[in-house]
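Worksheet: the structure to be examined is printed underneath.
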Amino acid sequence: MKIHTYEKAFLAVGGVLLVLCAIALVYATLGHGAHLPTDVGRIVPQDVYTTPPFDEPGVRQTGENSYQVVVIGQAWSFVPSEIRVPAGAEITFISTSIDVLHGIHVEGTRLNMMLIPGQVSRMHHTFREPGEHLMICHEFCGIGHHVMYGRVIVE
Ligand code: CUA
């Protein structure tokens with residue numbers, strides 16, 4: 001008899017937790033605009049270098065305090081491999097891969113994207129402090145995976 005009571009209580013706790021998680025998810029999505037940093041567009045992997053904005057990889061100013069950083073992932077490097085951005089500016093990273101699955105992670109930040117062939121990834125970030133960050137590929141992409149890295153220099 002006792003066991004039934006505990007089971008009921010346990011189920012109730014589980015149910016409440018599920019509802020709380022669902023509420024948190026909806027709140028994060030609608031209230032804070034949180035979403036996975038992927039799939040903002042499609043692109044033909046073979047045509048990346050001739051398709052805007054990837055025909056001009058690098059940093060470009062898009063507003064008074066906003067910049068766009070276009071990075072291409074390929075086996076086994078980032079193009080460009082060195083990125084210079086000002087501290088305090090709103091940076092939009094736009095990236096894709098021309099060959100296999102890569103990743104991009106800027107160390108010491110929450111900047112972390114999957115680079116999927118055929119798909120454009122985008123993420124916003126503001127570097128508060130000047131400094132240098134390592135930018136690494138975090139998806140195993142073959143024999144040169146460990147040498148696929150670059151630098152983000154915040155000035
Ligand atoms: Cu690219 Cu690992």
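When a ligand or atom number is given, it counts from 1 through the structure's own listing order. Along the sequence shown, residues carry numbers from 1.
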Side chains of S77 and S81, donor plus acceptor under 3.5 Å: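 There is no such pair (donor and acceptor under 3.5 Å, judged by atom type) between the side chains of S77 and S81.
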
Residue pairs passing the salt bridge (Lys or Arg N to Asp or Glu O under 4.0 Å) test where at least one lies in residues 89-110, sequence neighbours excluded: none

How about L11: does its CG atom have over 12 heavy atoms from other parts shown lying under 6.0 Å from it?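 Atom CG in L11 is crowded, with more than 12 foreign heavy atoms closer than 6.0 Å.
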
Quick one: list whatever passes ring pair (Phe, Tyr, Trp, His ring centres under 6.0 Å) with H105, sequence neighbours left out. none

Donor-acceptor pair, T62 side chain versus S66 backbone, under 3.5 Å? yes

Metal environment of atom 1 (Cu) of ligand 1, protein N/O/S under 2.8 Å: H102 ND1, C137 SG, C141 SG, M148 SD

Go through the structure and list residues passing side chain to side chain donor-acceptor pair (under 3.5 Å) with H146, not counting sequence neighbours. none

